[in-house]
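In what follows, chains carry the letters A, B, and so on, assigned in the order in which the sequence lines appear, proteins first and then strands, with residues in each chain numbered from 1. Bear in mind that the values here come from a model prediction, so they are computed numbers and not experimental data.
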Number of protein chains: 2
Amino acid sequence: MTTRWLSEKEQRAWRAYIAATHLLEDAIDRQLQQDAGMPHLYYSILANLSEAPEGRLRMTDLAERAKITRSRLTYAVTRLEKDGLIRREDCQWDKRSSFAMLTDEGMAVLERTAPGHVETVRSLLFDQLTPEQVEQLEEIFSGLAQTLERDEERPTPEDVPWRRRSSGPCS
Amino acid sequence: MTTRWLSEKEQRAWRAYIAATHLLEDAIDRQLQQDAGMPHLYYSILANLSEAPEGRLRMTDLAERAKITRSRLTYAVTRLEKDGLIRREDCQWDKRSSFAMLTDEGMAVLERTAPGHVETVRSLLFDQLTPEQVEQLEEIFSGLAQTLERDEERPTPEDVPWRRRSSGPCS
DNA sequence: GACGCTTGGTTAAAGTTTGAAACAAACCTA
DNA sequence: TAGGTTTGTTTCAAACTTTAACCAAGCGTC
């Protein structure tokens, strides 16, 4: 099979995407580390909990929502628990499961730091976009998220029979 | 200052963005780990070198292009050097600098694995987008990259005077 | 009701990233 | 040109992530 290389335009789009996503994530991490003492992922975990009924979720569900592996979550929750922002609770009706639950202190940290986080996201991202672009962004990424999520479910569906190229590596 | 919270639409866009970027990066990492034995970042480093004159760049320039910290790059290059894909060379006219240079083997690995990588990027990203969306993607992200890059340069320009909220933490 | 499979979660070890500090060469500038 | 600053890079420890392996509890079924 001959490779379908990226067009000029696609390459530009891809590079811009890589650069911007990395820079944005770095900037957000820095801000949150500064103001909340935790990286973005950990903040997201708290945020996810804060929106769940009773401020708690089973580990698996939380991992699912945060788009991370269970083991990564275990580590993160352990740290947040040490910090007193989360408490573990075991599930009554399924002895295997355990809940992660936001503590009052966790909620307080979230409330204290949310404005700064939102301001960062807004100033770095949304303030830079026109209303139409916000629309486009949502359209594009919600579509992508959906198909990527579907892909996620089947672990390596088919084989991977590619080889030999004749153009650039695309980064 | 009262917080400028995200609108419904902005929240949806932001969540979709977070989800899709994480899932995409994970998928690409998995594919490259499988087929090239290295994560995306390391592949990018090789790719960047392959496009530089003589296949080499000073560490700082390489870090700049790859959007990573110098210390992260040092670690990565050390590993890639162990793998024989990169060689370090010191700079003649500035004794502080050192170059990272793609070896023949590094180039070979790149050529061998590029088709698979491109195919992944294409099938997960570009195949999912209309030509207009590719256009929009490029427009949006090259703009973002530019402003984020500018921000990068000045290390914490102003102070950060925010507090108190009354809506959600936005993830 | 016991065997085998799946699910929920953790663990341990190896690998990676971060952030600050250390170093050394290059560059002022008085 | 000595002294101080900047620049290019590495180092180190602590924090984080990954991967594979593990354990226990549920589930299905014969």
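Two residues, Arg96(A) and Gly37(A), neighbour DNA chain D, and the one matched to the more 5' nucleotide by heavy-atom proximity is Gly37(A). The residue among Gln33(B) and Ser97(B) whose nearest nucleotide of DNA chain D is located toward the 5' end is Ser97(B).
Using a 4.0 Å heavy-atom cutoff across all strands shown, Phe99(B) reaches no nucleic acid atom at all. At the heavy-atom level, Leu41(A) lies under 4.0 Å from the strands shown only through sugar-phosphate atoms. Residue contacts for Ser71(B): at a heavy-atom cut-off of 4.0 Å it reaches a base atom on one of the strands shown.
Salt-bridge annotation for Glu51(B) and Arg15(A): present, with a side-chain N of the basic residue lying under 4.0 Å from a carboxylate O of the acidic one.
Note on ring orientation: taking the six-membered ring where Trp is involved, the planes of Phe99(A) and Trp93(A) are perpendicular (angle over 60°, cut-offs 30° and 60°). Below 30°, between 30° and 60°, or above 60°: for Trp14(B) and Phe126(A) the angle between ring planes is above 60°, a perpendicular geometry.
Exactly one of Glu132(B), Glu138(B), Glu139(B) qualifies for a salt bridge (Lys or Arg N to Asp or Glu O under 4.0 Å) with Lys9(A). That residue is Glu138(B). Among Ile45(A), Val109(A), Asp83(A), Thr113(A), the single residue meeting the side-chain contact (heavy atoms from CB on, under 4.5 Å) criterion with Met38(A) is Val109(A).
A distance of 5.0 Å separates CD1 of Ile140(B) from CD of Gln133(A), quoted to the nearest 0.5 Å.
Note that the first and last nucleotides of DNA chain D, 5' to 3', having any atom under 4.0 angstrom from a heavy atom of chain A are dA15(D) to dG26(D).
When the side-chain nitrogen and oxygen atoms of Arg72(B) are compared with OP1 and OP2 of dT17(C), one or more of them lie within a distance under 4.0 Å.
Non-hydrogen atoms lying under 4.0 Å from DNA chain D are contributed by Tyr75(A), Arg79(A), Asp94(A), all within residues 74-94 of chain A.
In this structure, Glu25(B) atom CD and dT17(C) atom C1' are separated by 14 Å, rounded to whole Å.
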